[in-house]
Amino acid sequence: MKILVCVKIIKGEINPFDASALECALQLSKDVTVLSMGPKSCEEALLPLTRLGAKVVLISDAAYAGSDTLVTARILSAAIGRLDYDLVLCGRQSVDGDTAQVGPMLAQKLGCGLITNALKIEIADTKVLASTRMGEESAPLPAVVTIERGYILRFPSIFSKAGTVGIWDNSVLGLDKEQCGLAGSPTRVLESFENERGKRKCKFISMAELAPLVEKLKKQERRAEAKAESGVKLSSVWTAGSAVYEKAAEIAEEVVLIDETDPVKIAKMAKEKQPEVILWNADLQGRRDAPIAAAILETGLCADCTRLETDGETLFMYRPAQGGNITAKIKCVTKPQMATVRTASASSDIIVSGGKGVADKAEKLEALAEEFGASLGASRGLVDMNGAPYERQIGLTGKTVSPKIYIAVGISGAIHHTCAIEGAETVIAINPDKDARIFEYADYGVLEEF
Ligand SMILES: Cc1cc2nc3c(=O)[nH]c(=O)nc-3n(C[C@H](O)[C@H](O)[C@H](O)COP(=O)(O)OP(=O)(O)OC[C@H]3O[C@@H](n4cnc5c(N)ncnc54)[C@H](O)[C@@H]3O)c2cc1C
């Protein structure tokens, strides 16, 4: 069983999802090759992986710098095409780009089967079987599988010796340089700026005032949701699935709901009818299907947009970007312009959401939720330390919610979290740190330990 593992080095460290994929590969086979694309400086972080018995290749060329997900998949598939393989494993996503697009795009470029969000995999004859976040799945080999963060990467044995990292530049891959890097990438970041959206004026109250306040808010009528209608609209937008219909209607005169779920067929229809824009829901299914269609159409895809705008021709897509409080405005220079879009999931009227700060107070948090008849939410900080199941996660990589009352307990308020609670009618934060960012996004604050 020959396994290739795609690994990204981020700030000198292996992307945690890729570390999980590598451990998974090492458990399945002794014939493992790590492929990483990045600057030459990544060699130092990749070298220790040779001590695990893996062959390691760094794909590095100045012409590849600034590649977006489509171009990364193009370059990786060219490299993989030079190797023998039965299985390609990728981490579910990189923790900096966070798009989860490269794996599905790679599968499409390689013409392989695809399984995403695998928690555990095994090989049975000529098939890969996987338990995924969407259920049990299988695919014939060769296949691409994206792996969740369940496997813990082993340490090398003290007796192991380091090997060498092979370096492949464009003289090896022979790609058209115009099709690589920033120049070849169909998505462009136009600007990045501090996100002011969702900011609220916080009134501080005491813990004793919390319950009466919640009771009062519960009795109030819900405000009608403000629609972000834009004056200038695109003439027509396609949506894959009805979840993004409303978002599409805000920026288009006509919304065409695609009567097809297979992304390969959707891409075929788009080739024939040439729509300007296709929008997908940023759920697990949309995040898997949209990259497949984008890879077929060779078009740009912006992941997990929280806001859309248009000047009547171009679609401007906004998403939180790496580095915290920054929002990036992105456009796509190819057609159709494509995006996966966050939509608020149907959520209960009241959510009590726990963060890392109350990781050891699960019972107290549950009691508070019960007292207010609320459902439970969580920050990624809490989910990552196994303090809550992923299904509860609210934020960029979890759910977007719009409850009547959102109570954030022990949550610092990173943009990745606050971007998903903009639609909450009232936000209440409980946190002893007066400088916590969550208070800038809360209507009421309790400056006390929970
Ligand atoms: C690409 C990407 C995607 C991400 N996606 C998400 C996402 O979907 N959702 C998400 O939430 N995050 C996401 N994150 C992570 C995000 O940036 C933050 O790291 C995370 O939200 C922090 O979680 P936290 O607020 O629970 O923990 P921390 O930032 O550690 O904050 C804990 C807070 O608890 C407070 N506290 C301590 N003790 C108490 C107490 N007794 N009572 C009350 N408060 C207390 C502290 O003052 C502190 O403010 C993402 C990050 C990246 C890079």
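Order of appearance sets the numbers: ligands from 1, and atoms from 1 within every ligand.
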>> As a quick check of understanding, evaluate side-chain hydrogen bond (donor to acceptor under 3.5 Å, both in side chains) for Y444 and T426, giving each step before the final call.
In response: CA-CA 8 Å; Y444 296 93; T426 302; over 6 Å; no
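- A search for ring-ring contact (aromatic ring centres under 6.0 Å, His included) contacts involving F439 returns F204, not counting sequence neighbours.
- Not a single salt bridge (charged side-chain N to carboxylate O under 4.0 Å, His left out) links K120 to another residue, sequence neighbours left out.
- Remark: ligand 1 and G410 share an N or O pair separated by less than 3.5 Å (distance only, no angle test).
- Using a 4.5 Å heavy-atom threshold, the side chains of L114 and I292 count as touching.
- At a heavy-atom distance under 4.0 Å, no atom of I438 approaches ligand 1.
- Of all atoms in ligand 1, listed by their number and element, those nearer than 4.0 Å to a heavy atom of G398 are 8 (O).
- Every N/O-N/O distance between D98 and ligand 1 stays at or above 3.5 Å.
- Among S379, A378, G381, the residue whose heavy atom lies closest to atom 26 (O) of ligand 1 is S379.
- Figure legend: R149 and F17 shown as a cation-pi pair, the cationic atom lying under 6.0 angstrom from the six-membered ring centre and within 45 degrees of its axis.
- Near G355, meaning under 4.0 Å from one of its heavy atoms, ligand 1 places the atoms 26 (O).
- Taking distance alone, with nitrogen or oxygen atoms compared against 3.5 Å, V358 stays at or beyond that limit from ligand 1.
- Counting heavy atoms only, S412 comes closest to atom 22 (C) of ligand 1 of the residues S412, G97, P320, A408.
- At a heavy-atom cutoff of 4.0 Å, ligand 1 is contacted by the backbone of I394 but not by its side chain.
- Closest to atom 8 (O) of ligand 1 by heavy atom, among V409, I430, T397, is T397.
- For atom 30 (O) of ligand 1, the nearest non-hydrogen atom from the set K361, Q93, R437, K356 comes from K356.
- In terms of N/O distances under 3.5 Å, ligand 1 is approached by G357.
- Between atom 49 (O) of ligand 1 and the options I411, N431, D433, the minimum heavy-atom separation is to N431.
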> Passes side-chain hydrogen bond (donor to acceptor under 3.5 Å, both in side chains), R437 versus S412? Steps please.
Replying inline: CA-CA 6 Å; R437 187 175 180 274; S412 59; over 6 Å; no
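- Looking at Q27 and R154, their side chains come closer than 4.5 Å, going by heavy atoms from C-beta outward.
- In this structure, H417 and Y406 have tilted ring planes: the angle between them lies in the 30° to 60° band.
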